[in-house]
Amino acid sequence: MSAEPIIYGLIFIGVLVLVEGLYLVAFGKSISLNSRVNRRLEMLEKGGPRAEVLDKLRKEMQQHMNNKSIPIYSILAEKAQKAAIAFSPKQLIMIMGGLSVVAFFGLTIGTTTEFLIRVLISAGIGIGAVYFWIAAKAKKRMSMIEEQLPDAVELMVRSLRVGHPFTNAISIVSKEIQDPLASEFGVIADEAAYGRDIGEALKDMAERLDMQDLRFLAVAVTIQQ
């Protein structure tokens with residue numbers, strides 16, 4: 001049995017580890033999905049102005065689908081949006097290119113594959129590793145949101161029952177629960193504070209995350225209002 005498939009697999013795994021390492025180095029452990037820190041509150045506690053924090057989080061949340069027309073990147077955009085990847089589209093494209101180069105050197109050192117095949121395989125590894133990494137992040141983040149949503153709704157209901165306005169109920173949720181849902185609701189609370197309709201903001205979040213339960217919530221909130 002040839003050792004080359006094993007080498008391909010090891011290079012792919014190495015590239016995945018490198019992507020995660022770059023992400024943690026660039027943005028810190030607090031942004032990792034392994035951490036359930038309320039990132040929005042952490043940014044506010046560090047002294048960031050509320051409007052500036054809102055603008056940064058909204059930019060991160062919207063940047064991927066806004067650049068869906070970029071060639072190659074279109075295959076990543078939807079999952080990158082659901083994963084709330086903080087890397088910009090241009091950074092991700094550069095990372096794919098850099099990882100492809102790393103994979104090419106690995107294939108050159110470890111295999112005797114022909115040059116053109118090495119180029120194609122290394123490009124596939126670079127793009128595939130980033131896609132696999134983003135898909136895993138998206139799946140984990142969406143699972144966490146689905147897990148947190150019932151508790152968030154229950155907290156909102158309790159807040160409304162004791163007489164809080166709906167805007168306050170959203171704000172309470174954003175402070176009492178953890179990420180990833182906390183920062184999502186925090187953005188809605190901040191947008192409402194600056195005059196945006198909450199039902200509309202919830203609907204946008206539901207469409208961005210492509211979650212049917214959130215769509216039902218947005219409709220319920222619109223009716224309640």
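If you read the sequence from its start, that first residue is 1, and numbering goes on from there.
Interatomic distance, NZ of K79 versus NE2 of H64, reported as 13.5 Å (0.5 Å rounding). Atom CD of E78 sits about 11.0 Å away from atom CG of L209, to the nearest 0.5 Å. Note that the CD1 atom of I95 and the NZ atom of K90 stand 14.5 Å from one another [nearest 0.5 Å]. E146 contributes atom CD, which lies 11.5 Å from atom CD of Q212 (distance to the nearest 0.5 angstrom). Taking CG of L76 as the reference point, atom CD1 of I134 lies at 4.5 Å (rounded to 0.5 Å). To the nearest 0.5 angstrom, D190 atom CG is 8.0 Å from S171 atom OG.
Sparse packing is recorded around CD of E114, with 12 or fewer heavy atoms of other residues, nucleotides or ligands lying under 6.0 Å away. Within 6.0 Å of atom OH in Y73, more than 12 heavy atoms from other residues, nucleotides or ligands are found, so the atom counts as buried in its surroundings.
Ion pairing between a basic and an acidic side chain is recognised when a charged N comes within 4.0 Å of a carboxylate O; E184 and R141 show such pairing. A salt bridge does not link E52 to K56: none of the charged nitrogens lies less than 4.0 Å from a carboxylate oxygen. Electrostatic pairing of R215 and D210 counts as a salt bridge here, judged by a charged N lying under 4.0 Å from a carboxylate O.
For S183 (side chain) and G186 (main-chain N/O), no donor-acceptor pair under 3.5 Å exists by modelled atom type.
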In a table with atom names and distances, give each donor-acceptor pair under 3.5 Å that connects a side chain of residues 153-167 to protein atoms at least two apart or in another chain.
| residue | atom | partner | partner atom | Å |
| --- | --- | --- | --- | --- |
| E154 | OE2 | R158 | NH1 | 3.3 |
| S159 | OG | L155 | O | 2.9 |

Donor-acceptor contacts under 3.5 Å from residues 115-125 side chains, at least two apart:
| residue | atom | partner | partner atom | Å |
| --- | --- | --- | --- | --- |
| R118 | NE | T113 | O | 2.8 |
| R118 | NH1 | T108 | OG1 | 2.8 |
| S122 | OG | R118 | O | 2.8 |
| S122 | OG | V119 | O | 2.8 |

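Between F87 and W133, the ring-plane angle classifies as tilted under the 30° and 60° cut-offs.
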**OP:** List the steps, then state whether side-chain contact (heavy atoms from CB on, under 4.5 Å) holds for E207 with L214.
**Re:** CA-CA 8 Å; E207 294 303 321; L214 283 173; over 6 Å; no
Original post:
Can you list the steps and then say if D151 with Q148 is a side-chain contact (heavy atoms from CB on, under 4.5 Å)?
Top reply: CA-CA 6 Å; D151 292 336; Q148 290 177 305; 5.8 Å; no
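A single hydrophobic cluster is seen to contain both I170 and L217, as judged by linkage of ILVMFWY side chains at heavy-atom distances under 4.5 Å, directly or through other members. Using a 4.5 Å cut-off between side-chain heavy atoms of Ile, Leu, Val, Met, Phe, Trp and Tyr, with links allowed through other members, I188 and I145 fall into the same hydrophobic cluster. Note on V15: it clusters hydrophobically with Y23, by side-chain heavy-atom contacts below 4.5 Å among ILVMFWY residues. Note: the hydrophobic cluster containing I7 also contains L99 (ILVMFWY, side chain heavy atoms under 4.5 Å, direct or indirect links). Under the 4.5 Å side-chain heavy-atom criterion for ILVMFWY residues, a single connected hydrophobic cluster contains both I85 and F132.
When all heavy atoms of P150 and E147 are compared, the closest pair comes out as CD-O, 3.5 Å. Closest heavy-atom contact between R50 and A189: NH2-O, 3.8 Å. Closest approach of A192 to I198, counting heavy atoms only: CB-CG1, 3.6 Å. Summarising the geometry of L181 relative to I177, their closest heavy-atom pair is CB-CD1, 3.8 Å, with the distance given to 0.1 Å.
Contact check for Q81 versus R208: side-chain heavy atoms found under the 4.5 Å cut-off. A heavy-atom distance below 4.5 Å is not found between the side chains of Y131 and M96. Side-chain contact between F216 and M211 is absent, with no heavy-atom pair separated by less than 4.5 Å. The shortest distance between side-chain heavy atoms of Q63 and R58 does not fall below 4.5 Å.
Checked against salt bridge (Lys or Arg N to Asp or Glu O under 4.0 Å), E176 has no partners two or more places apart in sequence or in another chain.
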